[in-house]
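Numbers here simply count residues along the sequence, with the first being 1.
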Amino acid sequence: MKKFKVVVTDFEFQTLEPEKEVLAALDVEFVAAQCKTEEEVIEACKDADGIINQYAPISRKVIENLNNCKVIARYGVGVNTIDLEAATEKGIVVGNVTDYSMDEVSDHAFALLMALARKIVKLNDEVKNSVWDFNLGKPMFRLRGRTLGLVGLGRIPQTLAKKAQAFGLKVVAYDPYVPSDVAKALNVELVDLNDLFRQSDYISVHAPLMEITRGMISNEQFNLAKKEAFIINTARGPVIDEVALIRALQEGKIAGAGLDVTELEPIQRDNPLLKMENVIITPHVAWYSEESEIELKRKTAQNVADVLSGYFPTYLVNKELRTSLNLKEKE
């Protein structure tokens, strides 16, 4: 019997041993590549049965050139690197991992909120420059009684909401896809996006990157925001119109930003955000802990192993394939 071939299109990890361990039971041919372009992905994956993907483009052109592929599994929650429509048309299962870093990302978002609210980075820099003056942190405001606005109310922001409420923050959210009873159970008020910007002292972005969410936060929203508001983004950079964000910061329409993601990654060295003392930027690290990395790698590989073993994966993105593919449900 011919071996299955599984290709990792690209990866930033130091080891792929967890993936290999999960797939070992299938005795697959395991290929690790470092593709950057469509052509490189096609060359590496044209005869693959399963694909594991991080950032390399899995476009319609790529998918049309896949001869054997049954499953594409992406490291992480977002699947914006994959042309989902093209994969579904071709009957290729797409899997992600939706629950591997809920604590890590919500912790990171709240850490950015706290660092901005308490001016931690600025004051640390001043002290290290031999300036000992608490007045340089003014104005600061008490967290209790202020409002956190969540753009998106999926698993991660739901986790963040509970942590923020423990600090006495009121939480509102914009998410047109979340039922009102879910929000009510969390003691979160659902509002529209513009109202969220009007009300919030802190805004934390958790929307996935899709065409409908690209640039959804732009000049209109920043013009409505409080001048003392901070915006935090641990989702995807292009959800925020970065030109509008820079302008809002330069013109004092908001007080600052905490960004784990940017429009282009790595951030370009001439980006004005790098020179702003009221902006904190981390290198797309919110998802990471030693535990979450292993969990992510194993669950991503398990998506591939499930499909190649004849089952729908636990984390199925294109659910419409349930009615057209001859795969079994996992018990």
Regarding [X] and [Y], is there a side-chain donor-to-acceptor distance under 3.5 Å anywhere?
| X | Y | answer |
| --- | --- | --- |
| K330 | T314 | yes |
| D241 | Q221 | no |
| D195 | Q199 | no |

Do any N or O atoms from the side chain of [X] and from the backbone of [Y] form a donor-acceptor pair under 3.5 angstrom?
| X | Y | result |
| --- | --- | --- |
| S130 | V127 | no |
| D201 | T147 | yes |
| E189 | A173 | no |
| S218 | E220 | no |
| K275 | L273 | no |
| N271 | L274 | no |
| S101 | E104 | no |
| N223 | N219 | yes |
| N129 | V131 | no |
| T213 | M210 | yes |

Establish whether [X] and [Y] are linked, either directly or via other cluster members, by ILVMFWY side-chain heavy-atom contacts under 4.5 Å.
| X | Y | value |
| --- | --- | --- |
| Y174 | L190 | no |
| V28 | V7 | no |
| L160 | I203 | no |

Legend entry - Partners meeting ring pair (Phe, Tyr, Trp, His ring centres under 6.0 Å) with Y202 (sequence neighbours left out):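 In terms of ring pair (Phe, Tyr, Trp, His ring centres under 6.0 Å), with neighbours along the sequence ignored, Y202 is linked to no residue.
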
Check [Y] with [X], please: is the shortest side-chain N to carboxylate O separation under 4.0 Å?
| X | Y | value |
| --- | --- | --- |
| E85 | K90 | no |
| K184 | D181 | no |
| E251 | K253 | yes |
| K5 | D49 | no |

Legend entry - Test salt bridge (charged side-chain N to carboxylate O under 4.0 Å, His left out) applied to E277 and K119, step by step: CA-CA 10 Å; E277 66 176 16; K119 311 289 177 67; over 6 Å; no

Find out whether [X] and [Y] are in side-chain contact, i.e. whether some heavy atom of one side chain is under 4.5 Å from a heavy atom of the other.
| X | Y | value |
| --- | --- | --- |
| L16 | K297 | yes |
| W287 | Y100 | yes |
| N96 | T98 | yes |
| Y311 | L327 | no |
| V243 | I246 | no |
| E295 | K299 | yes |
| R155 | D99 | yes |
| I254 | L245 | yes |

Legend entry - Chi angles and distances behind the side chain to side chain donor-acceptor pair (under 3.5 Å) call for Y75, E19: CA-CA 11 Å; Y75 291 117; E19 292 91 329; 2.6 Å; yes

Legend entry - Distance under 6.0 Å and angle within 45° of ring axis: R322 vs F312: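 Satisfied, under 6.0 Å and within 45°.
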
Inset, instruction - Validate the cation-pi geometry between R144 and F167: distance from NZ or CZ to the six-membered ring centre under 6.0 Å, angle to the ring axis within 45°. - result: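 Ring-cation test returns no.
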
Inset, instruction - Quick one: do K163 and S106 satisfy side chain to side chain donor-acceptor pair (under 3.5 Å)? Show the steps, please. - result: CA-CA 8 Å; K163 294 173 182 179; S106 58; 2.8 Å; yes

Legend entry - CA sep, side-chain torsions, deciding dist, call: T282, H284, side chain to side chain donor-acceptor pair (under 3.5 Å): CA-CA 6 Å; T282 54; H284 203 148; over 6 Å; no

Legend entry - Sequence neighbours excluded, every pair satisfying side-chain hydrogen bond (donor to acceptor under 3.5 Å, both in side chains) that has a member inside residues 20-31: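 Passing the test, one end in residues 20-31: E21-R298.
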
Legend entry - Nearest-0.5 Å distance, CG of residue L148 to CG of residue L143: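 Spacing of CG (L148) from CG (L143) equals 10.0 Å.
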
Legend entry - Derivation of the side chain to side chain donor-acceptor pair (under 3.5 Å) call for N53 and T81: CA-CA 8 Å; N53 168 251; T81 59; 2.6 Å; yes

Do other residues, nucleotides or ligands put more than 12 heavy atoms under 6.0 Å from the [atom1] atom of [X]?
| X | atom1 | answer |
| --- | --- | --- |
| Q14 | CD | no |
| N135 | CG | yes |
| K128 | NZ | no |

Inset, instruction - Please step through salt bridge (charged side-chain N to carboxylate O under 4.0 Å, His left out) for the pair K36 and D10, ending with a clear verdict. - result: CA-CA 8 Å; K36 288 184 169 54; D10 61 307; over 6 Å; no

